Q: 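Input: one structure, supplied below.
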Amino acid sequence: TGNGEIIAEIDSISGSVPLIVGTSATIMIDDFSDLSGYTLTGTRVNLAQCSFVIDTINFISAPTSGKLSYSLTTGGTSALYLNKEIQISGAPEKLSIQVYGDGKKHWLRGEFKDVDEEIFLINFTDGDPGIDWLNIWKYLEVDMNDAIPSWVNPNAILTFPIKWTRTYLVETNDAKKDNGAIALDDFRAHFISTEVY
């Protein structure tokens with residue numbers, strides 16, 4: 001961010017344009033103070049033992065966060081989906097979320113649809129080591145350039161605006177299937193606006 005100018009020169013001719021770059025803005029997508037509209041679905045999970053509830057003990061933004069409890073079962077890839085459609089206007093450069101970890105090393109991902117209804121995925125963590133921090137909050141940030149088209153539309157090109165569809169926990173290793181809980185707070189979109197004067 002800052003002030004500067006663009007200068008172009010060809011032979012003896014030159015020109016310049018003043019430039020102000022990088023007025024940043026952040027919007028809160030969800031502070032998890034109201035969990036209405038969220039649903040849980042899953043593959044190879046014990047859904048009866050999974051829940052998404054208000055947590056008044058651990059949070060970043062008072063007074064609450066959202067506590068996601070999970071129960072993973074064996075037999076292939078497990079995924080617990082936290083579903084809610086949230087329209088995100090404009091063209092954010094990054095998305096971020098705060099996660100209170102349980103140290104059980106599961107993979108945290110997200111899914112959204114672009115304006116053409118094509119599906120894209122982002123990784124809040126890598127598959128390995130996943131959520132490897134215990135009983136502390138960690139700030140996770142993802143660049144939208146790192147969003148990948150879903151296997152259902154592998155050649156999709158991201159076109160804004162987007163609609164967030166779900167955040168989900170994944171585990172591919174049967175030896176790591178277990179029960180646990182993480183908390184989510186301060187899901188944000190980050191924008192950089194540029195203006196030429």
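Not measured: the values here are computed from a predicted model. By convention here, the first residue in the shown sequence is residue 1.
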Q: Sub-3.5 Å donor-acceptor pair from the side chain of Ser65 to the main-chain atoms of Asn58, do we have one?
A: yes
Q: If the condition is salt bridge (charged side-chain N to carboxylate O under 4.0 Å, His left out), which residues does Asp55 pass it with, not counting sequence neighbours?
A: none
Q: Under the salt bridge (charged side-chain N to carboxylate O under 4.0 Å, His left out) rule, collect the residues that match up with Glu117, sequence neighbours excluded.
A: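 Salt bridge (charged side-chain N to carboxylate O under 4.0 Å, His left out) check on Glu117 returns Lys113, Lys163.
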Q: Looking at residues at least two apart in the chain, or sitting in another chain, which of them share a salt bridge (charged side-chain N to carboxylate O under 4.0 Å, His left out) with Glu111?
A: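 Only Arg166 meet the salt bridge (charged side-chain N to carboxylate O under 4.0 Å, His left out) criterion with Glu111.
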Q: Given 3.5 Å as the limit, does a donor-acceptor pair link the side chain of Asp116 with the main chain of Glu118, or not?
A: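 Checking the backbone N and O of Glu118 against the side chain of Asp116, no donor-acceptor pair under 3.5 Å is found.
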Q: Once ring pair (Phe, Tyr, Trp, His ring centres under 6.0 Å) is applied, what residue pairs with a partner in residues 74-103 remain, sequence neighbours excluded?
A: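 As it turns out, the ring pair (Phe, Tyr, Trp, His ring centres under 6.0 Å) pairs with a partner in residues 74-103, which skip direct neighbours, are Tyr81-Tyr168, Tyr100-Trp137.
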Q: Taking only residues two or more places apart in sequence or in another chain, which ones pass side-chain contact (heavy atoms from CB on, under 4.5 Å) with Thr125?
A: Trp107, Leu108, Ile131, Trp133, Leu140
Q: What I want to find out is whether Arg188 reaches Asp186 closely enough, with some N-O distance under 4.0 Å, to be called a salt bridge.
A: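 Salt bridge between Arg188 and Asp186, a charged N being under 4.0 Å from a carboxylate O: yes.
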Q: With Glu93, which residues qualify under salt bridge (charged side-chain N to carboxylate O under 4.0 Å, His left out), at least two apart?
A: none
Q: Under a 4.0 Å N-O cut-off, is there an ion pair linking Glu171 with Lys177?
A: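 Salt bridge flag = no for Lys177 with Glu171.
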Q: Taking atom CG of Leu134 as the centre, report whether more than 12 heavy atoms of other residues, nucleotides or ligands fall under 6.0 Å from it.
A: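 Atom CG in Leu134 is packed in, count exceeds 12.
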Q: State which residue, out of Tyr139, Phe187, Phe124, fulfils the side-chain contact (heavy atoms from CB on, under 4.5 Å) condition with Ser96.
A: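 Per the side-chain contact (heavy atoms from CB on, under 4.5 Å) rule, the option paired with Ser96 is Tyr139, out of Tyr139, Phe187, Phe124.
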